[in-house]
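Input: a single structure, listed below in structure tokens.
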Protein chains: 2
Amino acid sequence: MRVLIIEDDPLHRSYLHEAVRAALPECDTVLEAENGHAGEVQARQSRAEHVVMDLQMSERNGIEAARTIWRERPDTKILFWSNYSDEAYVRGVARIVPEGATYGYVLKSTSDERLKLALRGVFMESQCVIDREVRGIQQKSLGNAHGLSDAEYEILVDVALGLTDKAISQRKRLSLRSVQNRLQQLYEKLDVYEVPGDGPEGWYNLRMRAVAVALLRKVLNASALERAERELRNSGGN
Amino acid sequence: MRVLIIEDDPLHRSYLHEAVRAALPECDTVLEAENGHAGEVQARQSRAEHVVMDLQMSERNGIEAARTIWRERPDTKILFWSNYSDEAYVRGVARIVPEGATYGYVLKSTSDERLKLALRGVFMESQCVIDREVRGIQQKSLGNAHGLSDAEYEILVDVALGLTDKAISQRKRLSLRSVQNRLQQLYEKLDVYEVPGDGPEGWYNLRMRAVAVALLRKVLNASALERAERELRNSGGN
DNA sequence: GCAAAATATGCGGGTTCCCGCAAGACAAGA
DNA sequence: TCTTGTCTTGCGGGAACCCGCATATTTTGC
């Protein structure tokens, strides 16, 4: 059994190496890669079926790497090991996990013990192991009490990229008014109307404020934006 | 001589501890704190004059902590040790370093050797030690070839918070038109007019696009936004 | 299959944004 | 002093945004 570690911080990488050795005596080789790009290559060459990786790496982030790895071999078992449980990351992962794949998502702040359990659970028992905190975000995100629907999320991203209503309507093949409708839903969900202190109404530019709130709440984050920007440029705008 | 370490990742914390021990044999006690808040308290109690800290911690980030530490004892020597050289962080540090204070800014990716040099340089020799990469950002940020002036930066932040032109004009005691002027400067500096691919003019909502570009270029980042948001709420909006 | 609910579209108008044009305010320097 | 450059302010208009109201179209639940 071989395990591939994809993690750009050398300290964390060696810590993971150690943890894998300790938790999985049946593992004979541990491979390492120091960014998403190298990780994809390693995964392809080594045909490793067990991967543990960080999200948020500089060269190429974990979500992208995981997507290409899963595209090539959907039965790969991946354990995500991340600093954050931003809704943007959780949503990002949820978007790319293929039907029936087994994966895990634990925070770097969890104990050694829980990390080891996750390693065994995902790699040996094919369980999906997801930290409680992350699970909480997942629930809130999907059970759309405060969470956004997919449609709303996509509008949010397009707006955050700086597209106009018209541009969005063309990209998404919608009428102008429909785009604006979705925007209004977004404004309500994100509570954009509240006023800071005593000021009169009209303190906020709703469009901008919605994005600001999304960023503050970590519904959106920088890496999600980067991904969207790259897609936008590739698709030539439509 | 005592050194205080403020860093929320336990691995990195113990690594730092080790590095301090190795680089500074004249140091007799090493204190540790696991977030900005605890760090402030420790600094106050222990009267430590040498601090090495991470930026970007969860509880209270490094910039805030450093500001209060320096406010209480401006002669404290602080070495920032960060993962990123985002312009937003560099600018944030530059804004709070008091006149004549000695500090350093090195990236976590630097070698052990350079870290030790920085420790000795800042704490023993009272030199300012700043990594080349960081220095590069600093130059670009201040020498306003592509960088933003302070005025433009402040406008950028207000816009990013979602304030309207009118709201900004009141906060900043400016006329509406002046705010819009500064916005236009911003739009030019951030190259907001470029068109993705083949689309017609008018793909972009300039206001939003400016913020998106700033985020992508790391001129702005989430933690700067959070800080600004907190200030906004405290000041009651004006 | 049908009613109810959610979603998509069109129209119209009030507001804000974006910006060209031009005139005052202020500081630095020849 | 007069010029030059930077910053500020006002005016006006075209475009984009925000949204209430009314009408299709699609989805959902029974």
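Residue Ile130(A) holds its CD1 atom at 4.0 Å from OH of Tyr103(A), rounded to the nearest 0.5 Å. How far CH2 of Trp203(A) is from CD1 of Ile168(B): 9.5 Å, rounded to the nearest 0.5 Å.
Closest to the Thr164(B) side chain, of the nucleotides dC17(C), dA16(D), dT9(D), is dC17(C). Checking dT9(D), dT9(C), dC17(C) against every side-chain atom of Asp165(B), the shortest atom distance belongs to dC17(C).
One atom, CD of Glu152(A), and another, C1' of dA6(C), lie 12 Å apart when rounded to the nearest Å. Atom CG in Leu163(B) sits roughly 14 Å away from atom C1' in dT16(C) (whole-Å rounding). Atom CD1 of Ile168(B) is separated from atom C1' of dC18(C) by 14 Å (rounded to the nearest Å). Look at NZ on Lys166(B): it is 5 Å from P on dT16(C), rounded to the nearest Å. Rounded to whole Å, atom C1' of dT9(D) lies 17 Å from atom CZ of Arg173(B). The separation between Arg209(A) atom CZ and dT16(C) atom P is 17 Å, rounded to whole Å. Look at CG on Leu174(B): it is 14 Å from C1' on dA25(C), rounded to the nearest Å. Rounded to an integer number of Å, the gap from CD1 of Ile155(A) to C1' of dA8(C) is 12 Å.
End-to-end axis angle of the helix from dG1(C)-dC30(D) to dA30(C)-dT1(D), from C1' rotation axes over five pairs per end: 40° (rounded to 10 degrees).
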Show the numbers, then the answer: is there a side chain to side chain contact (heavy atoms under 4.5 Å, CB included) between Glu40(B) and Glu72(B)? CA-CA 10 Å; Glu40(B) 293 173 14; Glu72(B) 296 174 5; over 6 Å; no
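Listed by chain and number, the residues in a ring pair (Phe, Tyr, Trp, His ring centres under 6.0 Å) with Phe123(A) are His50(A) (sequence neighbours excluded).
An OP1 or OP2 oxygen of dC17(C) is reached within less than 4.0 angstrom by a side-chain nitrogen or oxygen of Arg207(B). The phosphate of dC19(C) has OP1 or OP2 within less than 4.0 Å of a side-chain N or O from Tyr193(B). Between Ser178(A) and dT9(C), a side-chain N or O to OP1/OP2 separation shorter than 4.0 Å is present.
Salt-bridge annotation for Asp8(A) and Lys108(B): absent, with no side-chain N of the basic residue lying under 4.0 Å from a carboxylate O of the acidic one. The pair Asp150(A)-Arg91(A) meets the salt-bridge criterion, with a side-chain N (NZ, NE, NH1 or NH2) lying under 4.0 Å from an Asp/Glu carboxylate O. Glu154(B) has no carboxylate O lying under 4.0 Å from a charged side-chain N of Arg171(B), or vice versa, which leaves the two without a salt bridge. A salt bridge is defined here as a Lys NZ or Arg NE, NH1 or NH2 lying under 4.0 Å from an Asp or Glu carboxylate O, and Arg227(A) with Glu231(A) fails to meet this definition.
Side-chain N/O atoms of Arg177(A) and base N/O atoms of dG12(C) include no donor-acceptor pair closer than 3.5 Å.
Side-chain polar atoms of Asn234(B) and Arg230(B) form no donor-acceptor pair below 3.5 angstrom.
The stretch residues 179-188 of chain A comes close to DNA chain C through Asn181(A), Arg182(A), each having a heavy atom under 4.0 Å from the strand.
Side-chain contact check for Val213(A) versus Asp191(A): every heavy-atom pair is 4.5 Å or farther apart.
When heavy atoms are screened at a 4.0 angstrom cut-off, Leu176(A) is found touching no nucleic acid atom at all.
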